[in-house]
Amino acid sequence: AHCPVLLRSRIFQTPEKAAAGFGEAMNPWKRKEVFGNATLYLGDCREILPTLGKVDAVITDPPWDAAVGIPGADDPRGLFAAAAPLMTSCANQVVVQLGCDTDPVFLGPLASLMPFLRVCWLEYACPSYKGRLLHTGDVAYVYGSWPPARQGATVIPGKCVSTRSDKEFLRGPRPKGKEKGGWEKLDHPMPRRSEHVRWLVKWFSNPDGTVCDPFMGSGTTGVVCCQHGQKFIGIEIKEEFFNVACERIENAQRQKRLFA
């Protein structure tokens, strides 16, 4: 059977290229990858967001107070304060996913720019432990305007329960035969569950619109959008995580085309 070719384009931007006359001005991104209807940028969202134009919704999981091992964790509140006006200027809705142990005061810069809509509980069917904390899930805070009502999405709920972790981010005992160090090492130290992200995309974005994640990480939001044929723009500053996101989103696009 004929297998459709997945369209992919890659663009690099370097000071050497700009000096040599490749383009009139230096682009704010270091690398740009396009996988079907998903466009990914390697760079700082504070520099890239102003160049994107209007999107339907920003759905993101920024570095927050309890974050470790990711860029921006040294000053997450300062980073979010700088990004908040850029997100609100380009989107109708801004949805921010935080850990249940993160102080919502973190969201102060956003609250002064957009009306608050609601809080959403993103629960785990099987909680875990963080010291003395029973980690029961995450919390999403929604700002902006209500998305248009459509068939099957008139009344917007406020809770999603995830029954399983994504298999590529499983933690736990090393399976027999696995080398030490390979199983415990994750591609991203703080991945979000795709069930939760899929629920947020469903309820707080327009299926015909574009979802943007300016703190893309390992690309879970992009994977969810690709699986449902929705346009996506992702930005990630750390190349290691950017490469993981590219691989996951390219695979999601390929699988969708194979089973379409």
Side-chain angles (χ1 to χ4, degrees), residues 7-64 67-91 94-97 109-110 113 187-192 197 205 209-226 230-253:
L7 297 179
R8 170 178 178 171
S9 65
R10 172 181 292 178
I11 304 172
F12 291 89
Q13 179 69 55
T14 66
E16 292 77 12
K17 282 188 175 183
F22 288 84
E24 297 180 358
M26 185 69 179
N27 287 317
W29 39 264
K30 298 177 182 177
R31 205 171 112 205
K32 176 181 177 181
E33 300 273 2
V34 180
F35 305 98
N37 58 359
T39 303
L40 314 184
Y41 296 94
L42 174 64
D44 192 324
C45 69
R46 292 168 293 185
E47 300 175 357
I48 297 172
L49 279 172
T51 71
L52 297 183
K54 198 72 175 176
V55 299
D56 183 48
V58 167
I59 299 177
T60 192
D61 168 30
W64 20 271
V68 292
I70 55 177
D74 56 334
D75 183 22
R77 297 192 182 207
L79 174 60
F80 189 77
L86 304 175
M87 294 188 290
T88 58
S89 65
C90 72
V94 175
V95 183
V96 181
Q97 185 174 350
L110 182 59
L113 297 168
D187 290 325
H188 192 279
M190 308 185 79
R192 303 275 67 83
V197 178
S205 70
T210 299
V211 172
C212 176
D213 187 348
F215 302 98
M216 178 173 61
S218 59
T220 299
T221 308
V223 169
V224 167
C225 289
C226 290
Q230 194 157 348
K231 289 178 285 187
F232 174 74
I233 296 174
I235 306 170
E236 173 55 42
I237 196 170
K238 188 170 183 178
E239 189 164 16
E240 176 187 354
F241 299 156
F242 182 81
N243 290 334
V244 172
C246 286
E247 181 179 355
R248 295 182 69 208
I249 290 170
E250 183 176 23
N251 287 339
Q253 290 276 18

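Treat the numbers as computed from the prediction; the structure is a model and nothing was measured.
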Fill in: Non-hydrogen side-chain atoms of P62 and V96 separated by less than 4.5 Å
yes

field: Heavy-atom side-chain proximity of K32 to L40 below 4.5 angstrom
entry: no

Closest non-hydrogen contact found for L86 with P50 is CD2-CG, 3.9 Å

Closest non-hydrogen atoms of G53 and C90, given as atom of the first, atom of the second and distance, are O-CB, 3.5 Å

Determine whether the side chains of T221 and R192 contain a donor N or O and an acceptor N or O closer than 3.5 Å. no

Interatomic distance, CZ@F215 vs CZ@F241, rounded to 0.5 Å, equals 14.0 Å

Between the CD1 atom in I249 and the CZ atom in F35, the distance rounded to the nearest 0.5 Å is 7.0 Å

dist T51:OG1 -> Y41:OH (nearest 0.5 Å) comes out at 6.0 Å

For D56 and T210, test the side chains for any donor-to-acceptor distance below 3.5 angstrom and give the result as yes or no. no

- L42 side chain reached by I237 side chain, heavy atoms, under 4.5 Å: no

Between A38 and Q253, the two heavy atoms sitting closest are N-NE2, 3.9 Å

When rounded to the nearest 0.5 Å, the distance separating CD1 of I235 from CG of L52 is 5.0 Å

What one should report as the nearest heavy-atom pair of V58 and P214 is CG1-CD, 3.7 Å

One should read off an interatomic distance between R46 CZ and L79 CG, to the nearest 0.5 angstrom, of 5.0 Å

Do V55 and I233 pass the side-chain contact (heavy atoms from CB on, under 4.5 Å) test, and can you show the C-alpha distance, the side-chain angles, and the key distance before you say yes or no? CA-CA 9 Å; V55 299; I233 296 174; 4.1 Å; yes

Exactly one candidate in K238, E236, E33, R31 meets side-chain contact (heavy atoms from CB on, under 4.5 Å) with N243; the answer is R31

Determine whether a donor-acceptor pair (N or O, by modelled atom type, separation under 3.5 Å) exists between the side chain of R248 and the backbone of S218. yes

(message) Between L49 and M87, is there a side-chain heavy-atom distance shorter than 4.5 Å?
(response) yes

Q97 (side chain) donor-acceptor with D61 (main chain) under 3.5 angstrom: no

Exercise. Side-chain contact test, heavy atoms from C-beta onward, threshold under 4.5 Å: evaluate it for Q230 versus N37 and give yes or no.
Key: no

Value for CZ (F80) from CG (D75), rounded to nearest 0.5 Å, stands at 13.0 Å

message = Run V94 and L110 through side-chain contact (heavy atoms from CB on, under 4.5 Å) and show every step you take.
response = CA-CA 9 Å; V94 175; L110 182 59; 3.8 Å; yes

